[in-house]
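As structure tokens, the structure follows; a few thoughts come after it.
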There are 2 protein chains.
Amino acid sequence: MDTTDTMDALETRELRYFLTVAEELHFGRAAQRLGMAQPPLSRAVQRLERRLGVRLLERDRRGVELTGAGEMLLHEGRAALDATTAAARRTRRAGGAAGPGGPGGPRSHLVLAVKAGASHELLHKLLDAYAAEPDAAEIEVLPSGTCEQEGMLRDGRADAALMHKPFNSLTGFDSEELMTEGQIAVLPARHPLAARGSLSMADVSDVPGLPLARWSRHGTFPPGPGPEIHDQTQLAQLIALGRTVAVYPDSARAWLWAEHAAVPLTDAPPVVTHLAWPAHSRSLALAGLIRTATGL
Amino acid sequence: MDTTDTMDALETRELRYFLTVAEELHFGRAAQRLGMAQPPLSRAVQRLERRLGVRLLERDRRGVELTGAGEMLLHEGRAALDATTAAARRTRRAGGAAGPGGPGGPRSHLVLAVKAGASHELLHKLLDAYAAEPDAAEIEVLPSGTCEQEGMLRDGRADAALMHKPFNSLTGFDSEELMTEGQIAVLPARHPLAARGSLSMADVSDVPGLPLARWSRHGTFPPGPGPEIHDQTQLAQLIALGRTVAVYPDSARAWLWAEHAAVPLTDAPPVVTHLAWPAHSRSLALAGLIRTATGL
DNA sequence: GCGCTCTCATACCGGGCGGGTATCAGCGAG
DNA sequence: CTCGCTGATACCCGCCCGGTATGAGAGCGC
């Protein structure tokens with residue numbers, strides 16, 4: 001039928017190779033990350049370019065640059081690779097759990113990704129309510145790092161996630177709104193601002209001596225004067241020591257220390273907590289969780 | 001970092017093999033469709049099962065059955081394979097179109113999938129308006145079969161699509177609402193009902209002698225008394241001959257024949273036309289099209 | 001200017017895997 | 001009982017993947 005369709009497979013391995021090179025922009029480092037030698041890597045990427053009939057990288061003796069097509073493959077390919085590893089992971093998980101008779105429904109074990117420490121009370125209620133359901137599956141709670149739930153959902157490490165608009169993007173997922181809450185400023189209890197009944201974003205965004213902390217993103221930090229932090233405990237301690245201030249959703253009151261003070265912010269955007277899941281999901285257990293969540 | 005990640009690749013080829021077998025539920029036919037012999041296929045699927053550590057198929061001497069895990073891989077894997085071929089297709093298309101300087105923006109050529117004959121006027125306005133934009137890319141209009149736009153968007157044959165709620169599902173895509181319209185009954189002009197000023201769904205759903213036509217879905221037809229049709233022209237002709245009746249959005253008036261009559265339906269669900277595109281898309285040209293569409 | 005180094009590409013080689021043909025093994029039908 | 005149909009196994013060949021050794025062009029220091 002199609003004469004042009006000879007051997008244009010885009011194998012997973014090649015895709016992984018290209019993505020690594022595209023991220024590192026350096027064949028040697030990429031090969032190291034992949035646990036292989038550099039020459040086979042170069043050849044594999046060349047072969048990929050031949051197969052696609054497209055130049056992906058501009059090698060100019062001094063590092064590597066992405067072409068337009070390379071940029072396209074970097075984005076599209078990452079999504080494709082995530083989908084592939086997600087398929088493998090979910091299939092593995094579904095493996096031990098075939099129903100007693102017939103083809104059997106999808107697995108009876110769900111992984112729920114939650115930003116560590118966030119929406120604690122809501123999560124508690126959700127888990128309790130779901131556990132009370134007659135055919136409840138086991139739910140494994142997977143604490144995720146800062147805004148990492150999206151990747152976990154995309155590559156199959158999780159089946160569902162609690163996401164927080166506007167911090168997380170919900171594009172590509174189905175979701176159900178669960179809760180809306182305001183935000184608070186978390187201040188050192190002894191700070192003058194802690195005595196105020198309410199604050200505006202302007203009040204806290206530029207307090208002398210209290211710069212906003214900078215969160216680690218994949219090991220690097222955004223520029224700025226604030227302290228560098230990796231997790232919530234570090235942040236909490238720095239606040240308690242009077243070194244920084246933070247803006248959090250209302251539900252963060254659950255983990256405040258004695259040395260902390262919480263003051264409502266009048267003009268902060270409201271935070272909406274959603275339950276999100278892959279758009280095409282067909283799991284029975286997931287459907288039950290969604291039903292429970294919407295009934296809260 | 002991850003110690004468990006030893007050789008669990010899920011190669012594209014294996015995935016394609018498994019999906020074919022899972023669809024055919026027959027190794028011989030699957031091998032034929034794949035253009036290869038049966039023994040290597042069996043081995044490939046076995047190897048895949050070993051790799052995943054999961055039984056995917058229950059072979060019982062009389063055909064093949066999917067296990068729970070197999071069903072999971074059928075769904076997740078199809079999405080993954082679609083994403084992979086989409087990545088390849090879009091990268092190829094982006095190939096010839098690198099910008100003049102720097103890494104170059106993504107391609108300047110868009111493929112827009114449209115259900116053949118639907119929303120003709122809206123499409124016309126959209127194309128005209130977009131063509132008037134200063135940096136307009138070339139737009140290729142890809143007519144699709146019944147509700148096939150979804151697959152086209154998913155596997156990269158198209159970059160955007162006009163979709164019609166509630167007929168198309170928008171899950172997994174980003175979209176922008178363009179138009180809402182009522183629905184009409186398309187009747188033979190000589191039929192008694194054609195004289196009425198308006199109708200209800202009940203009026204047309206069970207008219208003696210005018211059974212609703214049955215559309216082809218991948219070569220098969222739903223059961224029922226109505227005539228079997230493959231495209232709109234066949235339907236139009238059958239209506240003109242007084243053999244059937246159809247329910248269509250208002251904009252279908254554009255292609256009505258002289259022997260047709262259109263009568264508004266009072267209780268039909270409104271049809272909402274959306275412009276939809278892959279959730280993670282970053283194309284400049286697509287962004288321009290979206291901007292144009294929302295400004296209509 | 002020469003060599004050093006850093007980059008990626010090429011040359012060659014061995015082992016493993018993908019694919020083909022031939023054949024076996026269960027199970028149902030005639 | 002035999003035939004036909006299913007998928008599984010045995011064996012073989014050629015290619016591709018990956019490794020090591022080496023080449024080639026560009027900046028840089030002496």
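Below, chains carry the letters A, B, ... as their sequence lines are ordered, and counting in each starts from 1.
- For the pair B/E76 and A/R93, the salt-bridge criterion is not met [side-chain N within less than 4.0 Å of a carboxylate O].
- Taking atom CZ of B/R55 as the reference point, atom P of D/dG7 lies 13 Å away to the nearest angstrom.
- If you take CZ of A/R59 and P of D/dG27, they are 18 Å apart, rounded to a whole angstrom.
- Listed in residue order, the members of residues 20-33 of chain B having a heavy atom less than 4.0 Å from DNA chain C come to none.
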Filtered N/O pairs between nucleotides 15-19 of chain D and protein, under 3.5 Å:
unit_1, atom_1, unit_2, atom_2, d
D/dC17, OP1, A/R47, NE, 3.3
D/dC17, OP1, A/R47, NH2, 3.1
D/dC17, OP2, A/R47, NH1, 2.5
D/dC17, OP2, A/R47, NH2, 3.0
D/dG18, OP1, A/Y17, OH, 2.9
D/dG18, OP2, A/Y17, OH, 3.3
D/dG18, N7, A/R43, NH2, 2.3
D/dG18, O6, A/R43, NH1, 3.3
D/dG18, O6, A/R43, NH2, 3.3
D/dG19, OP2, A/A37, N, 2.8

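- In this structure, OH in A/Y130 is found 10.5 Å from CD in A/E138, a value given to the nearest 0.5 Å.
- Shown here for B/A213 and B/I229, the closest heavy-atom pair between the two residues is CB-CD1, 3.8 Å.
- Rounded to a whole Å, the CZ atom of A/R50 is 13 Å from the C1' atom of C/dT10.
- Following rounding to the nearest Å, B/L41 (CG) and C/dG18 (P) show an atom-to-atom distance of 12 Å.
- Across the protein-nucleic acid pair, A/L57 atom CG and C/dA9 atom P stand 9 Å apart, rounded to whole Å.
- Side-chain polar atoms of A/T20 and A/E24 form no donor-acceptor pair below 3.5 angstrom.
- For the residue pair A/S169 and A/T171, a side-chain donor N or O sits within less than 3.5 Å of a side-chain acceptor on the partner.
- Using a 4.0 Å cut-off between charged nitrogen and carboxylate oxygen, A/R51 and A/E11 do not count as a salt-bridge pair.
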